[in-house]
Amino acid sequence: MPELPEVEVVRAGLEPAVTGARVEAITVFDQRSLRRHDGPSEDFVDQLTGRTIVSAERRGKFLWLPLAGHGLDAGPQALVVHLGMSGQVLLRDRATDDNLTRIRIELEHVDHGPLRLNFVDQRIFGSMAIDSLAPTVDHPEQLVPSAVAHIARDPLDERFDDRLFYERLSRRNSGIKRALLDQTLISGIGNIYADESLWAARIHYEQSAASLSRAKARLLLAEVRLVLAKALGEGGTSFDAQYVNVNGASGYFSHSLNAYGQQGNPCPRCGTLIVRESFMNRGSHFCPKCQRLR
DNA sequence: AAGTAATCCTGATCGC
DNA sequence: TGCGATCAGGATTACT
């Protein structure tokens, strides 16, 4: 499941290829991949065709490509991409097709020549959209798409406010895993890295957020950053070939996971068997000895 | 208002 | 060989 490290790998891979590239043509194979676009697919095609991509940006799990020039509403815009559960952005030559491609974007780059972006998404939880860019509340020089405005900065963002995070945690009555997955509190964390971070900090996923001491909250945030940075350094985590980086090579570090998907295997710290419980329509993996509910 | 549940969505895989 | 059941969970919407 693409989370912050996987999305960042995609962003970094796309950046040199799309910066300065012009959109020549678009084919929408499945309109459901435009669910978040405000308008029909013809509108998406009209607005994007002929535009030049300026850069590749990311916050949390959202990725966007700012566009040169202005839209009909006279404001700055971006192509916003969310990979959802199974989305991939594959950088190809003009002759390469991919199974389950929902949207295809043909680019012309001044240095790299003709390119093709295939937006592949089996489960169609991901999406593309043209969105307007607006200043962020805490740093008005920085623009983000309106669809991204409500989420918090991610923990690898240098402007992430640690103190604010601790304060909001201390006022939360729900379990800590719920809080970690709440993108308006801290963005970029999904099920895999939530379980991995909680294992590293030795916290039970249902421990109430407000009950954590400040020291424990600090430890958790530090472990979140370590887990994300480690995964990022290794190119993301991949399962069942659902996640593929921008060059089409599968991520490869799933074997390094300590808790996620490890039910029935011994905890790498104490040897107790890792347990999987159902929670929020997904799995929670933890060590029942290291991660006790207090 | 804050917290939680429901909803969307499909193809690879498996057992029979 | 075919077919139905199973499985994965991010973000948004709709509730309580």
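So that the names make sense, note that chain A is the first sequence line, chain B the second, and so on, each numbered from 1. Values in this document were obtained by computation on a predicted structure and should not be read as measured data.
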Subject >> Residue A/Lys61, side-chain heavy atoms: nucleotide from C/dA8, C/dA11, B/dA12 that is nearest >> reply: C/dA11

**OP:** Please determine, for the side chain of A/Phe62, which listed nucleotide (C/dA8, C/dT12, C/dG10) has the closest atom?
**Re:** C/dT12

Rounded off to whole Å, could you give me the [atom1]-to-[atom2] distance for the [X] and [N] pair?
{"X": "A/His285", "N": "C/dC7", "atom1": "NE2", "atom2": "P", "result": "13 Å"}
{"X": "A/Gln183", "N": "C/dT12", "atom1": "CD", "atom2": "P", "result": "9 Å"}
{"X": "A/Leu4", "N": "C/dG10", "atom1": "CG", "atom2": "C1'", "result": "14 Å"}
{"X": "A/Met85", "N": "C/dT12", "atom1": "CE", "atom2": "C1'", "result": "15 Å"}
{"X": "A/Asp121", "N": "C/dA11", "atom1": "CG", "atom2": "P", "result": "13 Å"}
{"X": "A/Arg59", "N": "C/dA11", "atom1": "CZ", "atom2": "P", "result": "14 Å"}
{"X": "A/Asn191", "N": "C/dA11", "atom1": "CG", "atom2": "C1'", "result": "14 Å"}

Original post:
Per the side chain to side chain donor-acceptor pair (under 3.5 Å) rule, which among A/Arg92, A/Arg104, A/Gln88 passes with A/Asp98?
Top reply: A/Arg92

**OP:** Return the set of residues passing salt bridge (Lys or Arg N to Asp or Glu O under 4.0 Å) with A/Arg116 (not counting sequence neighbours), or none when no residue passes.
**Re:** A/Asp97, A/Glu106

Original post:
Can you name the residues that form a salt bridge (Lys or Arg N to Asp or Glu O under 4.0 Å) with A/Asp157, not counting sequence neighbours?
Top reply: A/Arg153

Original post:
Same cluster for A/Leu133 and A/Val54 if Ile/Leu/Val/Met/Phe/Trp/Tyr side chains link at under 4.5 Å?
Top reply: no

Original post:
Transitively linked via ILVMFWY side-chain contacts under 4.5 Å: A/Val81 with A/Phe62?
Top reply: no

Original post:
Should the pair A/Phe44 and A/His37 be assigned to parallel (<30°), tilted (30 to 60°) or perpendicular (>60°) ring geometry?
Top reply: perpendicular

Original post:
Base, sugar-phosphate alone, or nothing: which one does A/Gly283 contact when heavy atoms must sit under 4.0 Å apart?
Top reply: sugar-phosphate

Original post:
When all nucleic acid strands are considered with a 4.0 Å heavy-atom cut-off, which category describes A/Arg168: base, sugar-phosphate, or nothing?
Top reply: nothing

Answer yes or no: does a side-chain N or O of [X] lie under 4.0 Å from OP1 or OP2 of [N]?
{"X": "A/His82", "N": "C/dG10", "answer": "no"}
{"X": "A/Arg171", "N": "B/dA1", "answer": "no"}
{"X": "A/His150", "N": "C/dA11", "answer": "no"}
{"X": "A/Arg36", "N": "C/dT12", "answer": "yes"}

Subject >> Where protein sits on nucleotides 4-9 of chain B, one letter per nucleotide: B base, S sugar-phosphate only, - none, heavy atoms under 4.0 Å >> reply: SS-BBB

**OP:** Establish, for the pair A/Arg11 and A/Trp64, whether the NZ or CZ atom is under 6.0 angstrom from the six-membered ring centre and no further than 45 degrees off its axis.
**Re:** no

